[in-house]
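To keep things clear, I will list the structure first and then write my remarks on it.
We count ligands from 1, going down the list as the structure has it; atoms in each ligand are counted the same way. Sequence positions, counted from 1, serve as the residue numbers for this chain.
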Amino acid sequence: MATRQEADSLLAIAREYYVSGFGRGDAFHERPGAIIESADGHYAVDINGTRLFDTETCASACYLGFGRPEVMQALQEEMARIPCTTPLFVPTAPLLKLGEKLASISPGNLKYSVFSANGTDATEGAIKITRQYWKVMGRAGKYKVLHRVPGDYHGMSLSMVSASGHTFRRSPYEPLMAGFIPFHAPNCYRCPFEKSMPDCQLFCARELEKVIQFEDPETIACVITENTNTGLGIVPPPPGYMQLISEICSRYGVLLVADEIITGIAKTGAWFESEKHGFVPDILCIGKAISAGCGALAVTHLSENIGRVLVECSNLHHGFTYGGLGYLAAAGLAGIAYVEEHNLLERARQIEAFMGARLGVLAAQSPVVGDVRMTGAIQGIELVRDKATKSKFDDPWEVASFISQVGREHGVLLSCQFPHYGNIITMYLPLTSTDDELAMVCDSIEDATRRVEQRYR
Ligand SMILES: Cc1ncc(COP(=O)(O)O)c(C=O)c1O
């Protein structure tokens, strides 16, 4: 553990030299777990020696915890075999095998893989590929990208900021790129159309059809969407919504890109969340857990039809020097094998049931728990000052910080990621979490909500 002096020195360095790329200022350094010294299994230890059950799991990348031995062994063996090669020029065996494996676990006719480094590369690649596909098909006028707001997050490059739905991430970089057209994301707890299920008959999905008609389908390349809107604080789509979106896209000849960078690989209780919602996208973007938390690897996974068109035209230009390192693919394959051997798809569903039962009781009893939402091990708990009006707390940043401090007392990292949208505790629980650990997380949330109620209502 760092001595007090070392910890203070690191904090001073962070304040003097470091700029967070996630919009976090100096105050963030006060949060437990703000600078991590070590991580092992389900726990991270910060420079103050605080050991925390990590509900963030590196934004879900470490879905099997930190340093899973089977994963580390595969990583190290492959790293020793080929320390570095650029997949921009040539692939390695694990990368090819990972592509084959993905084709076997992804839904429908999804088959070909274009590898890259970050999730942003994969989503941006998807947009490039939809445009290129339509050009090759002789329909060059189809270039527009339809995307959901608010929330849906697709990455940090200029085009992916243009396709994403966070005002606070868009406005500093305006003017954004042309041809990106927003439509409303569903949010049954705070419906943008002030309607409610089932009377609304999925008005939000049907709005897409109107946007497509208005923009002219002959100008539209694709719709890009998350399934569960993680960027809005884990908001799953209403039943039937994604199917209807998919149906509308195929009716109008618009490709559908599902961004499963964060939900992909078992976390939702299915290999991919799209399966749960009963549709097959034309392109599926996968990142984070694809390397089992070992480094930057991502995939733009294509339907057989689109992939064949690209292979035949031999002119795809979307690759990166480090975009598809073999040892990361080996680690990802070991992660997938671990999921299969330990039946972790089922475990993700158990985690949802366990947490749903405990937090469902809390939601019924607590005057500040407005909504509990989950898709497998990815979960959000929305706190409000007044349940009747759904009003937010006066200073969501302070409430967020208080919740993290209470979490620390329980040895749990509790995080409200986007206080811009209120106080939503967001969690990406490891699929290997034990019931005792889940109970500990629930205890910490119960205590935090009780104390928020006493202090801020
Ligand atoms: C849904 C989604 N898409 C894209 C990205 C971008 O991925 P990366 O940070 O690896 O570029 C993220 C990252 O959080 C994400 O959650």
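Ionic pairing of Arg81 and Glu78 is present here: one or more N-O contacts between side-chain nitrogen and carboxylate oxygen are shorter than 4.0 angstrom. Using a 4.0 Å cut-off between a side-chain N of Lys or Arg and a carboxylate O of Asp or Glu, Arg251 and Glu209 qualify as a salt bridge. No salt bridge links Glu273 with Lys267; every basic N to acidic carboxylate O contact stays at or beyond 4.0 Å. Classification of Lys101 and Glu340 as a salt-bridged pair holds, one side-chain N sitting under 4.0 Å from a carboxylate O.
Between Phe193 and His184, the distance from one ring center to the other falls under 6.0 angstrom.
Atom 1 (C) of ligand 1 has as its closest protein heavy atom Tyr153 O, 3.1 Å. Nearest protein heavy-atom neighbour of atom 7 (O) of ligand 1: Gly119 CA, 3.3 Å.
Atoms of ligand 1 found under 4.0 Å from any heavy atom of Thr120, numbered from 1 in the order shown, are 6 (C), 7 (O), 8 (P), 11 (O). Heavy-atom proximity to His154, at under 4.0 Å, picks out these atoms of ligand 1: 3 (N), 4 (C). Numbered from 1 in the order shown, with element, the atoms of ligand 1 that lie under 4.0 Å from a heavy atom of Glu226 read 1 (C).
Using 4.0 Å as the threshold, Lys288 has a heavy atom nearer than that to some atom of ligand 1.
For Ser104 and Glu100, the side-chain atoms include no donor-acceptor pair closer than 3.5 Å.
Ligand 1 has an N or O atom lying under 3.5 Å from an N or O atom of Asp259, backbone or side chain.
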